[in-house]
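What you see is a predicted model, and the numbers here were worked out from it, not measured in a lab.
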Amino acid sequence: MPSIQESKLAFIGGGNMGAAIIGGLVKQGVQKQNIWVSEPWVENREKMAALGVQTTTSNVEAAKDADIVIIAVKPQVTKTVCQELGPVWAQRENSPVVVSIAAGITLDSLAKWLHTSDGKDAHVVRVMPNTPALVGEGASGVFAGKNVTSEEKDLVNALLGSVSKATEWVDKEELLDVVTGLSGSGPAYFFAMVEHLVDSATALGLPKEQATRLATQTCLGAGKMLVESSNTPAELRQNVTSPNGTTHAALLALGDLGFKETLDKAVNAATTRGAELGETLGKL
């Protein structure tokens with residue numbers, strides 16, 4: 001099994017997530033000539049070509065010799081793409097590692113669609129990334145098929161490490177739906193919170209530009225403390241909460257409004273929806 005720097009990679013789909021991963025891989029020393037991108041849209045293909053990688057409109061051309069194939073297309077077209085690729089690898093001694101970031105498509109569906117004509121089973125890994133990967137600060141949940149080797153997992157870790165600061169392997173596929181509710185959808189929760197913090201401060205008289213700068217930096221700073229501190233989130237919260245002080249008053253108000261219960265409902269709703277989409281898309 002080659003290292004990530006020595007591997008040939010194929011991206012099926014040339015959107016923002018693929019571009020982010022490619023940028024990270026190049027920084028890790030992966031040679032641009034070893035990266036192929038298949039993308040039907042001219043605009044996206046030109047953006048990828050500008051990165052210095054190989055581009056094509058043919059999924060088969062991109063993936064036929066790849067060591068790693070990243071499925072980065074819309075869930076609705078994943079079946080068609082996989083059924084096109086499976087026969088291509090029938091005559092190869094070793095099939096590539098297939099990494100799917102197509103939301104909701106289960107491992108069983110991917111394996112069935114990728115089954116080769118000579119009976120070989122694809123080595124498939126599902127990934128739930130999140131949008132902070134676009135700035136190199138991603139968090140990814142990962143689940144591997146039973147035939148994925150430890151060496152292949154190391155390769156996937158290196159791949160995701162180009163854009164993710166946290167890569168967590170789960171031992172049950174259904175836990176990827178929980179990852180979806182937590183970190184996949186999670187950035188939107190923080191964006192909404194900052195949006196409403198700005199609105200609240202603006203309503204109290206602070207200019208919107210100032211409120212935005214203060215709120216966004218507060219979110220960034222708090223996140224950095226969470227990552228770099230040895231304290232738990234609960235301990236960090238307690239450290240900034242003086243008895244009967246301003247933060248204490250704010251947290252009491254949030255508690256009275258059902259803050260914890262609201263977050264529980266949000267994460268549960270996203271998790272449930274992720275499971276529903278997986279079931280629906282698998283039947284397409």
Side-chain angles (χ1 to χ4, degrees), residues 16-17 71-76 78 99-110 124-135 137-145 160 163-200 215-216 218-220 222-227 229 231-238 240-241 247-248 250-284:
N16 289 333
M17 189 63 70
I71 306 292
V73 297
K74 292 180 179 179
Q76 292 84 348
T78 302
V99 178
S100 172
I101 61 174
I105 304 296
T106 65
L107 206 66
D108 282 347
S109 293
L110 291 163
V124 187
V125 175
R126 278 189 64 195
V127 179
M128 171 47 65
N130 65 2
T131 54
L134 301 178
V135 292
E137 295 288 345
S140 299
V142 196
F143 180 74
L160 297 177
V163 292
S164 286
K165 294 295 178 67
T167 299
E168 300 294 335
W169 293 79
V170 298
D171 55 10
K172 296 178 182 178
E173 187 171 10
E174 56 265 32
L175 291 178
L176 280 184
D177 295 323
V178 181
V179 172
T180 299
L182 174 62
S183 57
S185 299
Y189 312 155
F190 288 92
F191 299 150
M193 183 182 71
V194 170
E195 178 185 5
H196 296 312
L197 284 172
V198 170
D199 288 344
S200 296
T216 54
T218 297
C219 190
L220 175 63
K224 191 170 184 179
M225 289 181 71
L226 284 165
V227 171
S229 174
N231 292 330
T232 66
E235 289 168 339
L236 290 171
R237 172 181 54 78
Q238 292 163 0
V240 77
T241 308
T247 307
H248 184 253
L251 292 175
L252 283 178
L254 288 172
D256 289 342
L257 292 170
F259 183 62
K260 180 183 182 300
E261 292 77 12
T262 298
L263 284 179
D264 285 344
K265 289 180 180 179
V267 175
N268 275 298
T271 299
T272 300
R273 184 57 180 152
E276 291 172 350
L277 287 172
E279 183 176 350
T280 300
L281 292 168
K283 296 177 181 177
L284 292 177

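- Among all heavy-atom pairs drawn from L197 and A215, the shortest one is CB-CB, 4.4 Å.
- Going from atom CG of D199 over to atom CD of E195 covers 6.0 Å, rounded to the nearest 0.5 Å.
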- Item | Worked verdict on Y189 versus V267 for side chain to side chain contact (heavy atoms under 4.5 Å, CB included) | CA-CA 10 Å; Y189 312 155; V267 175; 4.3 Å; yes
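- By the 6.0 Å contact criterion, CE on M193 is enclosed, its count of non-hydrogen atoms from other residues, nucleotides or ligands being greater than 12.
- D108 has its side chain out of reach of E173: every pair of non-hydrogen atoms, C-beta onward, lies at least 4.5 Å apart.
- Summarising the geometry, atom CD1 belonging to I101 is positioned 9.5 Å from atom CE belonging to M128; distances are rounded to the nearest 0.5 Å.
- The structure places OG1 of T271 at 9.5 Å from CG of L175, a figure rounded to the nearest 0.5 Å.
- Judged purely by atom type and a 3.5 angstrom limit, S100 has no side-chain atom pairing as donor or acceptor with the backbone of R126.
- When I105, L110, T78 are each tested for a side chain to side chain contact (heavy atoms under 4.5 Å, CB included) with I71, only one passes: T78.
- The structure places OG1 of T232 at 9.5 Å from CG of L226, a figure rounded to the nearest 0.5 Å.
- Residue L182 holds its CG atom at 12.0 Å from CG of L176, rounded to the nearest 0.5 Å.
- Here the OG1 atom belonging to T106 is positioned 10.0 Å from the CD atom belonging to E279, to the nearest 0.5 angstrom.
- Side chain of S185 to backbone of G181: no donor-acceptor contact under 3.5 angstrom is found.
- Here the shortest heavy-atom pairing between F143 and L107 reads CE2-CD2, 3.6 Å.
- Counting heavy-atom neighbours within 6.0 Å of N16 CG, excluding the residue itself, gives a total of 12 or less.
- Contact record, S164 with A139: OG-N, 4.0 Å, taken as the closest heavy-atom pair.
- Looking at N231, its side chain never comes within 3.5 Å of a backbone N or O of L236 through a donor-acceptor pair.
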